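Within every chain, numbering begins at 1; the chains are lettered A, B, ... in the order of the sequence lines, protein sequences first and strands thereafter. Any value given below was found using the heavy atoms of this structure, including those in side chains, with hydrogens, waters and symmetry copies removed. Since the structure is predicted, the reported quantities are computational estimates derived from the model, not experimental observations.
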Number of protein chains: 2
Amino acid sequence: MTDAQPCIPLSVIRRLTKYLTHVQGLRSRGAEWVSSRELADNLGLTSSTVRQDLSHLDFCGTSRRGYKTCGLYAVLSHVFGADIAWNMVVVGAGNLGRALALHEEFQRRGFHICGIFDSDDRKIGRKIGRLTIQNVRRIPTTIRNNRIDVGVIAVPASAAQRVADLMVASGIRGILNMAQTHIVTPKRVPVVDVRIVATLQELAHAISRIKNKAD
Amino acid sequence: MTDAQPCIPLSVIRRLTKYLTHVQGLRSRGAEWVSSRELADNLGLTSSTVRQDLSHLDFCGTSRRGYKTCGLYAVLSHVFGADIAWNMVVVGAGNLGRALALHEEFQRRGFHICGIFDSDDRKIGRKIGRLTIQNVRRIPTTIRNNRIDVGVIAVPASAAQRVADLMVASGIRGILNMAQTHIVTPKRVPVVDVRIVATLQELAHAISRIKNKAD
DNA sequence: TAGATTGTTAATCGATTAACAATC
DNA sequence: TAGATTGTTAATCGATTAACAATC
């Protein structure tokens, strides 16, 4: 089986995740059809953008009706591997690492956390939900033996690159970086960043601009 | 005092947060100067982009030397209100809400969490760090009396819009949305999203594409 | 001085929007 | 049928990159 769409632009991919979430909700509420206009209105986009985006998929809408929610859901799920089980490890058992390990949303979406690690001896051995915090030295064997796909970096910025290097050397396939720093990997290992503080700063900037207008 | 730069594009703003973090690190390591090339190499950009971005700031570099780290840090801090204290409340005392309330990085960057709320009676009254979980009914008075700037939404998607409406009605200035859904607000109240699951899905897609190449 | 790096202009590239024929 | 909505093309818009004169 080959994918009909060899390369979907990243800007489109990011919106496709929104469609996936929204269509999942529509389906659970029993909606059979959805139009590009409805999707656009609910997600703050234009209907033109939605149609343009969906045209990248191996899936067609119907004139005068829109898109079948079940078909759209299926094809979007496939694009994002939501029909696959992904194995993850979390490195860093601080507040963020703990929250991720306990967050049920991940399990529900097919992302399974198989291990959590820390370098602090006082934390090693403690339990977080059903998981036991392990020594970071055990990362390589865990990644290799359990066919781990994704490594989550939830350590301070100063340790992030070292952890990434270790993950890469151990055969990780992709990295989710929650540390406030840029990480370098070989091209074969994609990295995505979740930058919470940066997002807050972006918000602070936006708020300041509003204020300035009012002055 | 007026800002010389009336409007910096969002794409630039997002990179400016990266420069801010990196320059902060450089300064703490005692570096006095940084060039556009050095910034670019460390953050995965081109030097052209860096110079273009920094030209939006009320700050000039020096030929043959680059940019003074202390000046660059000062002007970037100002753009993102890092020199201001921001007051926040967190709504939702689940794993994510707890993690945010305990995360020290926020305090350090000037984002102070002044309250945490939940609608679950069993959680109300419990402590998270120095904060006590309060009933969501107390959100409006808290926002008003404590001059809260930012509301963090850490509730399930189904409750997110309702919480946002309440925050807006109570005079919040901006919203950080951690829920997996699109939120609508009046234009005067900016919203930024932290979409962790969507980011993971983006990563899953990227990994799948690599795999396909190898096949 | 010679040479490295900025700031800026112009060129390229990509993303979004508008428009409309095709269609059910 | 009439009319709503898709899929797609072309136009617009914005972002990135290349190039280079100015400069210290």
Side-chain angles (χ1 to χ4, degrees), chain A residues 4-19 22-23 26 31-73 75-76 79 182 202 205-206 209, chain B residues 4-19 22-23 26 31-73 75-76 79 182 202 205-206 209:
Chain A
Q5 278 61 37
C7 182
I8 305 177
L10 189 56
S11 57
V12 175
I13 285 293
R14 294 205 170 127
R15 283 190 300 267
L16 291 182
T17 61
K18 299 191 184 187
Y19 305 150
H22 191 73
V23 170
L26 285 173
E32 251 192 274
W33 296 88
V34 65
S35 68
S36 57
R37 171 120 306 280
E38 193 186 335
L39 280 169
D41 290 346
N42 280 289
L43 299 172
L45 307 167
T46 69
S47 67
S48 200
T49 299
V50 173
R51 288 198 299 281
Q52 192 72 270
D53 287 347
L54 298 187
S55 74
H56 286 93
L57 302 174
D58 195 5
F59 177 72
C60 284
T62 305
S63 293
R64 235 174 63 85
R65 301 282 247 140
Y67 305 86
K68 268 209 140 157
T69 53
C70 59
L72 188 51
Y73 177 75
V75 73
L76 285 170
V79 167
H182 180 71
E202 194 186 313
H205 172 78
R209 286 201 43 74
Chain B
Q5 278 60 36
C7 182
I8 305 176
L10 189 56
S11 57
V12 175
I13 284 292
R14 293 204 169 127
R15 283 191 298 267
L16 290 183
T17 61
K18 298 191 184 185
Y19 305 148
H22 191 73
V23 170
L26 285 175
E32 250 193 275
W33 296 89
V34 64
S35 70
S36 58
R37 170 120 308 281
E38 193 186 335
L39 280 169
D41 289 347
N42 280 289
L43 299 172
L45 307 167
T46 69
S47 67
S48 200
T49 299
V50 173
R51 287 196 301 281
Q52 192 71 271
D53 288 348
L54 298 188
S55 75
H56 286 94
L57 301 174
D58 195 6
F59 177 74
C60 283
T62 305
S63 292
R64 234 174 63 86
R65 300 283 247 140
Y67 305 86
K68 267 209 139 157
T69 52
C70 60
L72 188 51
Y73 177 75
V75 70
L76 285 170
V79 167
H182 179 71
E202 194 186 312
H205 171 77
R209 284 200 45 73

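- At whole-Å resolution of the value, CZ in F59(A) and P in dT5(D) are 16 Å apart.
- Counting to the nearest Å, the P atom of dA4(C) and the CD atom of E38(B) are 16 Å from each other.
- For dT6(C), one of the phosphate oxygens OP1 or OP2 lies less than 4.0 angstrom from a side-chain nitrogen or oxygen of S36(B).
- With sequence neighbours excluded, no residue forms a side chain to side chain donor-acceptor pair (under 3.5 Å) with Q52(B).
- No contact: R37(A) has no heavy atom under 4.0 Å from any strand.
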Contact list (N/O, under 3.5 angstrom) for nucleotides 15-17 of chain D vs protein:
residue	atom	partner	partner atom	Å
dA15(D)	O5'	S11(B)	OG	3.4
dT16(D)	OP1	R15(B)	NH1	2.8
dT16(D)	OP2	R15(B)	NH1	3.3
dT16(D)	OP2	R15(B)	NH2	2.8
dT17(D)	OP2	T46(B)	OG1	3.4
dT17(D)	OP2	T49(B)	OG1	2.9
dT17(D)	O4	Q52(B)	NE2	2.6

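- One can place OH of Y67(B) at 17 Å from P of dA4(C), the figure rounded to the nearest angstrom.
- Legend: residues meeting side-chain contact (heavy atoms from CB on, under 4.5 Å) with T69(B), ordered by chain and number and at least two apart, are V23(B), L26(B), R27(B), V34(B).
- Taking atom CG on L54(A) and atom C1' on dG7(D), their separation rounds to 11 Å, with Å as the unit.
- In plain terms, the two heavy atoms of N42(B) and H182(A) that are nearest each other are O-CD2, 3.1 Å.
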Tabulated below should be each protein N or O lying under 3.5 Å from an N or O of nucleotides 20-24 of chain C; please produce it.
residue	atom	partner	partner atom	Å
dT23(C)	O2	S63(A)	OG	3.1

Structure string for DNA chain D in dot-bracket form, Watson-Crick and G-U at under 3.5 Å, | interchain: ..||||||||||||||||||||||
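- For R37(B), the salt bridge (Lys or Arg N to Asp or Glu O under 4.0 Å) partners are D41(B), not counting sequence neighbours.
- The separation between I8(B) atom CD1 and dG14(D) atom P is 16 Å, rounded to whole Å.
- For the residue pair F59(B) and K68(B), the shortest heavy atom distance occurs at CZ-O, 3.7 Å.
- The side-chain contact (heavy atoms from CB on, under 4.5 Å) test applied to V79(B) returns H205(A), I13(B), L57(B), not counting sequence neighbours.
- The side-chain contact (heavy atoms from CB on, under 4.5 Å) test applied to S36(B) returns S47(B), V50(B), R51(B), Y67(B), not counting sequence neighbours.
- Across all non-hydrogen atoms, the minimal contact from P9(A) to H56(A) is CD-NE2, 3.7 Å.
- Atom CG in L39(B) sits about 13 Å away from atom C1' in dT6(C), given to the nearest Å.
- Residues that satisfy the side chain to side chain donor-acceptor pair (under 3.5 Å) test with R14(A), not counting sequence neighbours, are E202(B).
- Under the side-chain contact (heavy atoms from CB on, under 4.5 Å) criterion, T46(A) pairs with S48(A), T49(A), not counting sequence neighbours.
- Taking atom NE2 of H56(A) as the reference point, atom P of dT6(D) lies 17 Å away to the nearest angstrom.
- Scored by the side chain to side chain donor-acceptor pair (under 3.5 Å) test, D53(A) finds R15(A), Y19(A) as partners (sequence neighbours excluded).
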